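A quick write-up on the structure given underneath.
The sequence lines fix the lettering, A, B, ..., with proteins before strands; numbering per chain opens at 1. Just so it is clear, the structure is predicted and the values come from calculations on it, not from any experiment.
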Amino acid sequence: MGNSLMDTYVQVFANRSVWMESAAIEQLHTTARNLQGIRAAVGLPDLHPGRGYPVGAAFFSTGRFYPALVGGDIGCGMALHATSLRVHKTSPSKLEKALGVIDGPLTEALLEEVDMAQLQALAQRCGVATAEALQQSLGTIGGGNHFAELQAVDTLYEEGALDKKCVHLMVHSGSRGLGGTILREHVERFNHDGLAAATPEARAYWQQHEAAIAYAQLNRSMIARRMARALRMELSLVLDISHNHVQRHEWRGESGFLHRKGATPADEGLVVIPGSRGDYSYLVRPASERDEALHSLAHGAGRKWARSDCVGRLKPRFSLADLQQTRFDSAVVCADRELIYEEAPQAYKDVDGVIASLQEAGLLTLVARLRPLLTYKRGAMQCC
DNA sequence: ATGTCC
């Protein structure tokens, strides 16, 4: 039983310059066809194949929603902070030295800043983790495409949008183990069938999902605060936006559910679209009135190569030292030899093509371009 | 993606 092709809107937003895997397009169509109640599926230009469902996509459904479509990293997103550090007073090597290792659990001093009652309440609401477990991974970046990056404002397209003198901090992380546990327990009970709206099961998932969203946001905030402490800088939050979630949503007169799987909301104000760790990131203004891309934008450059192909493709050409610096002379801290190959700029699409695609479709205007000074992926303690 | 899988 599938959805009628006539009633299902499927659209990919990418110009000819963007690397696009046919497997990802197939996943988009298969998902739109096979999950009951899907009315619209949109591929953003960072679209790439995922485990069954594509990443860089948004799906609108009525009557049911699909936790498996959100995936394991519920609440994953981007935060951007302005800092009190002056660009001209610092350098990648200074930053790297001052930062040290920030992978492990938070220290006592930082934990004092955490609202333990909030953590307790989150643990209670999600029902699958203790407050102690949540505290253990709080303030940790994680693996995969997650990172924290200190950046300089390279170009301002909107005058006064950011202070060019200030270093900015971008954090990409999520709910760590919590979201994965919620998804695993859900799939054990319901497979990939999704949940009918307004049932007790739907309400139960919704509560866990809300807890994971809040935990992911708190996690990003604590990552920023531990970096602020190490670098003796003040923070001022510019934005914090999740790109993995499901929301109640109205689309073209129907009310239903909007799933974003690596898709940034276009209806929550300014957002950031990061490039690879050796590329620019963009602060953009979404065209919030436009509905043809399901009120969503790309959440990054998008992978070009599968993780499993990266070491084989890049090791003959690039040493570890090559990958620890970039064309901008920024530093990449990543003590995990496999991860640094998987996350090499070559493994990602060109972010300028991704941005241009969205710009040409009238889905955004540029606000600022940010250039990496130091990207923190994973320090020495955790690896091997 | 992963208090991750070998």
What is the distance, to the nearest angstrom, from the [atom1] atom on [X] to the [atom2] atom on [N]?
X: A:K377; N: B:dT2; atom1: NZ; atom2: C1'; value: 14 Å
X: A:F147; N: B:dA1; atom1: CZ; atom2: P; value: 11 Å
X: A:R303; N: B:dA1; atom1: CZ; atom2: P; value: 8 Å
X: A:D336; N: B:dT4; atom1: CG; atom2: C1'; value: 12 Å
X: A:E185; N: B:dA1; atom1: CD; atom2: P; value: 22 Å
X: A:I182; N: B:dT2; atom1: CD1; atom2: C1'; value: 13 Å
X: A:E132; N: B:dG3; atom1: CD; atom2: P; value: 17 Å
X: A:N219; N: B:dA1; atom1: CG; atom2: C1'; value: 13 Å

With heavy atoms under 4.0 Å as the rule, sort [X] into base, sugar-phosphate or nothing.
X: A:G143; value: sugar-phosphate
X: A:G180; value: nothing
X: A:G71; value: nothing

Do A:N3 and A:T8 have a side chain donor and acceptor closer than 3.5 Å?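 No, A:T8 and A:N3 have no side-chain donor paired with an acceptor closer than 3.5 Å.
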
Short side-chain N/O contact from [X] to OP1 or OP2 of [N], under 4.0 Å:
X: A:N145; N: B:dA1; result: yes
X: A:R176; N: B:dA1; result: no
X: A:R307; N: B:dA1; result: yes

Other ILVMFWY residues reachable from A:L183 by side-chain steps of under 4.5 Å: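 So far as hydrophobic clustering goes, A:L183 is joined with A:V187.
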
Among the candidates B:dG3, B:dT4, B:dA1, find the nucleotide nearest to the side-chain atoms of A:R51.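 Output: B:dA1.
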
Residue pairs passing the ring-ring contact (aromatic ring centres under 6.0 Å, His included) test where at least one lies in residues 325-378 of chain A, sequence neighbours excluded: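 As it turns out, the ring-ring contact (aromatic ring centres under 6.0 Å, His included) pairs with a partner in residues 325-378 of chain A, which skip direct neighbours, are A:Y280-A:F328.
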
Can we say A:E342 and A:K377 salt-bridge, meaning some charged N sits less than 4.0 Å from an Asp/Glu carboxylate O?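 No.
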
About how many Å separate CZ of A:R371 and CG of A:L373, when rounded to the nearest 0.5 Å?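 Reported value, rounded in 0.5 Å steps: 6.0 Å.
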
